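Read through the structure below, which is laid out as structure tokens, and then see the notes.
Within every chain, numbering begins at 1; the chains are lettered A, B, ... in the order of the sequence lines, protein sequences first and strands thereafter. This one's a predicted model, so the numbers in the text were calculated from it and none came from an experiment.
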Amino acid sequence: MTPDILSDLNERQREAVEAIDGPLLIVAGPGSGKTRLITARIAYLLNVVGVSPGRIAAVTFTNKAAREMRARVESIASYQAPRLSMGTFHAFCARALRQDGEAIGLDRNFGIYDDSDQLDVVKRGMGELEIDTKQFSPRAILSSISGAKSQLLTADGFRMRTASYFDEVVGRVYERYEILMARSDAVDFDDLLLKTYFLLSQRDAVADKYQDRFVHFMIDEFQDTNVAQYAIARLIAQKHRNLCVVGDPDQSIYSWRNADIRNILSFQNDFPDARIVALEQNYRSTQTILDAASRLISANSQRVEKELFTDNGEGVPIEMAEGYDEEEEAQFVLREVGSLTRATAGKSAQYRLGDIAVMYRVNAQSRALEESCLRYGVPYQVVGGMKFYQRQEVKDLAAYLKLITNPHDDVSLLRVVNLPRRGIGQRTLDELRRLARDSEISMFDAILNATPDASLGGPLVSGPFTARAARALGDFREIILNLQGEVESCNLVELIDKVMDRSGYRKHISESNDERADERLDNINEFKNAARDYLDLPTPEGLNAFMENVALVSDVDSMEDRPDFLTLITLHQAKGLEYPVVFMVGMEDGLLPHSRSLDDPASLEEERRLCYVGMTRAKERLYLVRAFRRGFRGGSGPNMPSRFLLDIPQELVSRPDATEPKPAERTPRVESPKRSRSTSMGSFPLASPEELRSEMRGGGFTFSRRSRPTTPAEFTSVRRSGRRASPPTRRRGARRPASEAVPAVATGDKVRHSTFGEGMVMSCEPSGSDFEVTVAFTDGGGVKRLLLGMAKLEKIE
DNA sequence: CGAGAATAGTTTTTT
DNA sequence: ACTATTCTCG
């Protein structure tokens, strides 16, 4: 048994597996076989040491990671795997609270609020406190509250350390927020952690139970845990002290979600006897990719030195390319994808689509890529995006279901109380809210109070409500009470159907004029399908379990690896994944690094880590692609190449052909969407690499640290060829107004300005009777937009 | 009360 | 550009 588990491991990994006594910190570089290691360690504990699976907890960052880990353990120690506690921190805590939360006054049927539910509560609290939502953004307040919770600060605690007027406001809202949440028997994501912490720190009996039970506690992606998460783990591990944390400071990319990289330091302080193992051998990438990534990350000042190495060969150089705009950028990617996946005379294709991922900073970037995929007939999957459980119809239906187990859930009630229309309008709801607030009860209780049961007879004397409003509220009350009565007598899927029918929601959708009505019904069927997994539980428990799953599992996790789909994915979501071929698009200042991080060195370093994460996903081929200009909120502006590109040594990058390529003369090889969609994978129209290179004149740019990355000639040619390479279809004419007048300068010209110094013209667009010229000034002046007639620009050279 | 129009804000990343 | 919220009118 032992040799089996240990034989595939290198010395360091083996050391980490066998170090089962006492605290352990594993610093695991990218591709260092971390998952394999954790799996092996669990298998070792089970099969060699003989630890019972019920006494091991392993928490991960995503559900997907947990599932994979469980599957891998299963392959080694099959029958034991189901009894392991494996999942995300949030799922782990939800379970603890469901089981023992009553000890701190939590209702057994508590519901879990997601982000948008939370925002509703914040807004409602602000409304009650008469705080102007225009003066204080509810989102900003929510984010402060969330930050406080992640640091284990309750409203009381927060208010004691109020430092600014804004904080004072936040404190008041937070206080109100807690009340509203309690009244709804609801917890949010942060509460799952916060309340678990309080459960363990304030209830000794409960703490004892967990401390006794979990002899081994492991945390994956430790660099992305927040203070609350670490505190929980520390508490649970207090007794046995077998806390094993695995992480890589260089891959910490969630500080905006309150992840606190200082946890690693805290760990070393709290457990001074901790053993530290560093995994530096990379099994994933080529030496070239690894070198480039290492150089990039070494530019960060806040880091622990780490020397990655690999036995993998040097591999091929990194490719860089620039398109004129995001459309052309996408086209470049798609053509390259085509040549990588196309079988040529006698030779089978180099890669399958599933081997390739396109990564980007923000979701919005997926659009141009999707359009290109459609045009080229390339099947693709966008990871994330609009999440299934966040779709309107799904949330509506879920709200009804939540009300069945927990009618005090005010957010859900407000969501569906007038859906479909029942004649319950703003006035009635305001009144209802006031009633609830005055008596400190949930809105459903307020409805019960205000609408006496019709069976009692007598006139509907209904307090503040008009007879009509009271009747409408009574209808709603009956729907919910009625459905509650059904829970015992039918299964979950039947229950969902009953909800759909009795609430009138099915009718509401099918009779709506919404062109997406069918799609919505499909989604609801999908939702019903998901519910089938819970049919073997009695309906009340099944419903609870299902709703909990809906709250805690995003469909990112349920993404399958489909071998014949191109993957489009954000850099954040790509963490933990690997692909033979990776395209990183949008390699521009303002996108990566994101514009919101430019003025803060710490967040700039996080952006660099994000870039590092992306690069290190690649096993064999890495493309760094950018667009010269990019559409943004309707408009469009030029972008400078990402400063991170400057950190990548030139010798690792593919050089453009020494012979100056001829300007692209061909007509663009783009088929109409209709035709290419029906074209089979093997034969869709793609340029050969040579053609690509000549078309994408930016291909192979390398930058030196001293000069700004582009020369005028390069930019001009890119622009020209860019225009020509663009598909003739769907030209958004308004974006490129043709003007009769001819400006005195052109893109690529070098110019001198009296105050800004020398620079290069990046674009020149008609603006009224003048031209708006965008100039990138070399001497740190940055990019400026100037009116040609006003700014005295002197053309040089 | 509800429907449609006007307007404001948004978008970094997600358990 | 796109959506969500607020405003205005029937």
>> Can you tell me which nucleotide in B:dC1, B:dT11, B:dT13 comes closest to the side chain of A:T570?
In response: B:dT13

>> Heavy atoms from C-beta onward define the side chain here; which of B:dT15, B:dC1, B:dG2 lies closest to that of A:T62?
In response: B:dT15

> According to a strict under-4.0 Å criterion, is A:N363 in side-chain N/O contact with OP1 or OP2 of B:dT13?
Replying inline: yes

>> Measuring from the side chain of A:H572 (C-beta onward, heavy atoms only), which nucleotide among B:dT13, C:dA1, B:dG2 has the closest atom?
In response: B:dT13

> Any salt bridge between A:R608 and A:E605, counting N to O under 4.0 Å?
Replying inline: no

> Among C:dA1, B:dT13, B:dT15, which nucleotide sits nearest the side chain of A:W256?
Replying inline: B:dT13

>> Determine whether a donor-acceptor pair (N or O, by modelled atom type, separation under 3.5 Å) exists between the side chain of A:S184 and the backbone of A:A186.
In response: no

>> Does the structure show A:Y254 stacking with B:dT13, if we require the centres to be closer than 5.5 Å and the planes to be within less than 30 degrees of parallel?
In response: no

Extract from the structure each pairing of a protein N or O with an N or O of nucleotides 3-5 of chain C at less than 3.5 Å, listing the distance.
residue	atom	partner	partner atom	Å
C:dT5	OP1	A:K123	NZ	3.1

>> For C:dC2 and A:R367 - does any side-chain N or O of the residue sit under 4.0 Å from the phosphate oxygens OP1/OP2?
In response: yes

> Starting at CD of A:E607 and ending at P of B:dT13, how long is that distance when rounded to a whole Å?
Replying inline: 11 Å

>> Test your reading of the model: is there a side-chain donor-acceptor pair from A:N406 to the backbone of A:F110, 3.5 Å cut-off?
In response: no

>> Between A:L610 and A:R421, which residue's closest nucleotide on DNA chain B lies nearer the 5′ terminus?
In response: A:R421

>> Does B:dT14 have OP1 or OP2 under 4.0 Å away from a side-chain N or O of A:Q573?
In response: yes

>> Applying a 4.0 Å non-hydrogen cut-off, can you work out what A:R609 is touching in the nucleic acid: base, sugar-phosphate, or nothing?
In response: nothing

>> Are A:F222 and A:Y230, when compared by the centres of their aromatic rings, separated by less than 6.0 Å?
In response: yes

> May A:F189 be described as stacking on the base of B:dT15, applying a 5.5 Å centroid limit and a 30° limit on plane angle?
Replying inline: yes

> Separation of A:D190 atom CG from B:dT15 atom C1', in whole Å?
Replying inline: 9 Å

> Side-chain N or O of A:T428 less than 4.0 angstrom from OP1 or OP2 on B:dC1?
Replying inline: yes

>> Nearest whole Å is fine: how far is C:dC2 P from A:Q365 CD?
In response: 17 Å

> Base, sugar-phosphate, or nothing for A:N418, non-hydrogen atoms under 4.0 angstrom?
Replying inline: sugar-phosphate

> Want to settle it: does A:H594 or A:R422 sit nearer the 5' end of DNA chain B, counting the closest nucleotide to each?
Replying inline: A:R422

> When you measure from the side chain of A:R427, which nucleotide among B:dT11, B:dT15, B:dC1 comes out closest?
Replying inline: B:dC1

>> I'd like to know if A:K402 pairs up with A:D117 as an ion pair, taking the criterion as any Lys NZ or Arg NE/NH1/NH2 lying under 4.0 Å from an Asp or Glu carboxylate oxygen.
In response: yes

> Within the distance-only criterion (no hydrogens, no angle test), does the side chain of A:R422 pair as donor or acceptor with the backbone N or O of A:A472 below 3.5 angstrom?
Replying inline: no

> When you check the side-chain N and O atoms of A:N300 and A:Y612, is any donor under 3.5 Å from an acceptor?
Replying inline: no

